[in-house]
Each structure stands twice: as C-alpha cells, then as structure tokens.
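For reference, the structure is listed below as structure tokens.
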Amino acid sequence: MKKHISKNANFGTNSDLVFRLNEEVNQKISRGEKVINAAIGMLVDDENKIFSSPVINHLLERLVTKDSSKKYIKSDGGYDFNYYAKKYILDDQFDSIKSAYFVSSVATMGGTGALSIAVRNYVENHQKLIIPSIGWSNFGAIAKQYQLETLTYNLFKEHAFDIDNLLEICETSINESGRATLIINDPCHNPTGYCLNEEEWEKIIHGLNRLNEKGPVTLILDVAYMDFSDDSRLFFRKINEIKMNFMTLVAWSASKSFGVYGYRLGALLGISQHIEDYADFNQSSIAAARTTWSVPNHLMIDLLISLMQNPQYLKLVKQEFIDMQKLLSSRLEMVKKDFSFLGEILPYKAGFFLLYEVDDAIKVSEQLKEKNIYVLPLGNRYIRVSICSYVKK
Ligand code: PLP
C-alpha cells in the first residue's frame, strides 16, 4: 500500500519542545501541583497571570463585539495598518527613515509569520540561511520547511558579539551563492538577553555595506523583544546616521509587546534605498501571505490602529513597557541566585531569558523537572531560564 508520508515530518530541531513542556506544566497545575514554569517565554505578573495591559484589554473588549473586525481584510492588512505598523515600529525614527529609505510592509501571523515570509522570499534555493550559533530554534526549523540549509555564525567571542565571524560567514555565502541573507535577533536576544550597542551596530552596518558591494545582502532583523530594551530603536537611529546600502527586513511581533501571545499579530517591514526593492517586497510578501494564511487577524489589525489613533492610550502602553522592564529586573537577582548552581550566565543586558552553559543540559533539566521546576534545554549544552515567567507561588 502506498504510504502518505509528508515531506516535512522530520523537522528535527525540537522547536516545539517549549510548548510541550508548557502543556505538562499546565496539566500539573490543573491537578493542583505547585510548579515553577521557567521554560515558556510569556511575561506573567507576580500572581502568575499573563502581564496584560489594561489599555489593550479595554480595546480588545470593545473590538471583539464589532462586526467590522469579523470581516475579511486585505491580505497585507490594509493601508491604515501598514501606516501605523511602520509608525509604531520605527517610532521616533519614523519620519527620518521614511525620508531616507523606501519602507514597505505587510501584516503577518505573529513574528513567526514575518520571519517565515522573509526566509521564503529572500533565500534562494541554492543559497543558505545565515543564523546565530545560539538562537531561537525556530530559525533553523523555518529554513528546513523551505528545504534550505543553514550557515551558522558564532554568536559570542570573549563575552561580546562575534562581529568578525558574522561578516566572514556572510562573505562565504556571497562567494558560494552570490548573496547573503542573515538573521540577527536584537535587542534582547533570545535566549541570552544580549543587546548590541552603538559601536557594535556601527561595525555591523559598515561591514554589511562593504559586503553588499560584492553581492546583495539582506538582513532579517528579528525585533520580537524590542519593547523590553531601554534603547529599543537603536538600529533605526544608526541607519539614519550611516547610510545603509543593503536591505533590511524587520520582523515584528505583537505577542511580546502587548502580552497577546495567542491572538497572533506581527508585521514584516522592508527597508531599502531602492524603489525596485519596495515594489518587489510588496508583490512577493502579499503573495506569500495570501497563499499561507490568506488574510491577517482583523481584530488584531484594528487593535493596533485603535491604539495608534489614541495618543493617550499609546502613552499608557509605553509606560507599561517601563513597568515590565522593572518587573524583569526585579526578578533577575532572584533567578541568578536560585540558579547559581548552574554556573555563570552568558552576557545578559535585558529581556525575558538567561542562558547557562552546562555539561549535560538534558539531564539537568530532567532533574529540575523532578522538583517541578521547568527550564528549557537547548541541545545538550545550554539551559534557558525564563525570568519572564519565574514566579515562586
Ligand atoms: N523571534 C523570537 C526570537 C522569539 O522568541 C519569538 C517567540 O518566542 C518570535 C520571534 C515569534 O513570536 P510570535 O510568533 O509569537 O509573534
């Protein structure tokens, strides 16, 4: 008998392990067990409830009953969404970036949808996707979905971002395939909490500009945790100061910023000096959206528009980001103390996670699980501990 084997069944990177662990936690909690969930990337308050903004909740309650939000919307999210998404993401750099570059955009199903579209459209079949040696496991899994191989750059050298290696790997890709497409997750890198500083960004932008003379360079900038950094729009400021000749695709996620993980909203922005890139982005990203999820979540599109059209609400939401940052730093010392037996953390500046390098990550995480403490092993070498969900109740 003919077997119906799907070609992508073996996606191999264990990229959904975190959701399986989370499910285990939820089952134990529903049985009345006391569990510490330091595995999942969701920010909870000290009562173990999703840290959700009162402003966002209020807007959602209003929108959910509106008939208009139940209707289909254009595949790209429509004019208003795209205008406000750019304004939200670029923030104080919006006007200057818009006058220096062409900025295109499309609504997506979360940050994951944005990354998926970017990889699908900007890595050719004969090319490899360039990803960090330590990073979100879904980067590799997305590449696999499109039958793409990956090239890996070394993330750290002597406790700092290994820029030299990143540029070397990009050069290798250009030599081998004529172009380079790389992912950088910044600020608040998952899983280390590293944030690139001004000098580092300058070096990267100059380096990628140089390489772009040899072959097209596309930077996919994953800003999922952007709003948890105190200098969240640094990259955009930098490309206002230093003219960027490569193309940047910005993958934004509403999940983390607004505490709406399950509702699914994101955007992909394309920033380039060339009008041809703008037109090409619009066509290819709408085609990718239309053939994957067809149209975005209209309710969430309306949420962003309503928020942006009400400056008072936006001000309150921005204040909440500061509260969230304070909550994370208040937990930091406790987490460091409780997990000091795992050794030193990798360089952390801000964000949801801490990362430890250990000898046998799987064994250690299993031992912790026996004590009802859930952490996330990354391969057998690292353990990620979520500060965002670390509540001892
Ligand atoms: N990028 C990174 C580094 C992440 O950790 C996540 C989620 O955990 C995402 C992107 C995508 O977020 P979402 O698809 O929930 O918007």
Side-chain angles (χ1 to χ4, degrees), residues 13-22 37-44 50-52 56 77 85 88-89 105-120 129-143 145 150 155 182-196 219-229 232 235 249-269 288-289 292-293 296-297 299-301 303-304 328 346 348-355 375-376 378 382 384-389:
T13 57
N14 226 352
S15 126
D16 68 337
L17 173 65
V18 67
F19 295 117
R20 282 187 269 130
L21 291 175
N22 197 46
N37 187 358
I40 193 82
M42 292 192 297
L43 182 62
V44 299
I50 293 285
F51 193 117
S52 58
I56 300 292
Y88 179 85
I89 297 165
S105 64
V106 66
T108 61
M109 279 292 153
T112 309
L115 290 162
S116 185
I117 282 191
V119 172
R120 172 169 165 179
L129 174 67
I130 302 170
I131 60 172
S133 58
I134 304 171
W136 193 40
S137 59
N138 223 7
F139 296 150
I142 290 171
Q145 277 294 300
T150 49
L155 187 70
L182 65 145
I183 299 184
I184 295 181
N185 172 208
D186 186 83
C188 308
H189 171 262
N190 174 8
T192 62
Y194 194 80
C195 298
L196 287 160
L219 163 65
I220 302 174
L221 181 62
D222 178 355
V223 296
Y225 299 88
M226 175 171 75
D227 287 313
F228 301 92
S229 147
S232 54
F235 172 78
L249 304 172
V250 182
W252 172 71
S253 151
S255 314
K256 316 286 168 180
S257 299
F258 303 148
V260 287
Y261 309 90
Y263 290 165
R264 316 308 296 143
L265 177 72
L268 184 70
L269 264 52
T292 325
W293 51 77
N297 179 340
L299 177 75
M300 290 301 292
I301 296 283
L303 173 79
L304 186 82
L328 287 168
L346 274 76
Y348 173 89
K349 176 96 192 303
F352 280 24
F353 312 107
L354 292 184
L355 193 70
V375 294
L376 182 70
L378 301 180
Y382 297 104
R384 187 186 85 174
V385 179
S386 300
I387 313 173
C388 55
S389 57

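Atoms within each ligand, like the ligands themselves, are counted from 1 in listed order.
Ligand 1 has no atom lying under 4.0 Å from any heavy atom of F352. For the pair H189 and ligand 1, no heavy-atom separation below 4.0 Å is found.
Annotation: atom 12 (O) of ligand 1 to nearest protein heavy atom, S253 OG, 3.8 Å. With respect to atom 9 (C) of ligand 1, the closest heavy atom belonging to the protein is W136 CH2, 3.4 Å. From the protein, the heavy atom lying nearest to atom 2 (C) of ligand 1 is D222 OD2, 3.4 Å.
When heavy-atom distances to ligand 1 are checked against a 4.0 Å cut-off, T112 comes that close through both its backbone and its side chain. Contacts between Y225 and ligand 1, counted as non-hydrogen atom pairs separated by less than 4.0 Å, involve the side chain only.
Residues I142 and L129 fail the side-chain proximity criterion, which asks for heavy atoms closer than 4.5 Å. Annotation: side chain of L21 is not in contact with side chain of I40 (no heavy-atom distance under 4.5 Å). Using a 4.5 Å heavy-atom threshold, the side chains of L355 and Y348 count as separate. Side-chain contact between F139 and I130 is absent, with no heavy-atom pair separated by less than 4.5 Å. For the pair L115 and D222, the minimum side-chain heavy-atom distance is below 4.5 Å.
Between L115 and ligand 1, no N or O atom pair is found at a separation short of 3.5 Å.
How far SG of C388 is from CZ of F51: 12.5 Å, rounded to the nearest 0.5 Å. Expressed to the nearest 0.5 Å, how far CG of L346 lies from CZ of R384 amounts to 14.0 Å. Taken to the nearest 0.5 Å, the CG atom of L219 stands 9.5 Å off from the CD1 atom of I183.
The contact set between ligand 1 and K256, taken as ligand atoms under 4.0 Å from a residue heavy atom, comprises 7 (C), 8 (O). Atoms of ligand 1 lying under 4.0 Å from at least one heavy atom of S255, given by number and element, are 13 (P), 15 (O), 16 (O). Per-residue contacts place N185 under 4.0 angstrom from the following atoms of ligand 1 (heavy atoms of the residue considered): 3 (C).
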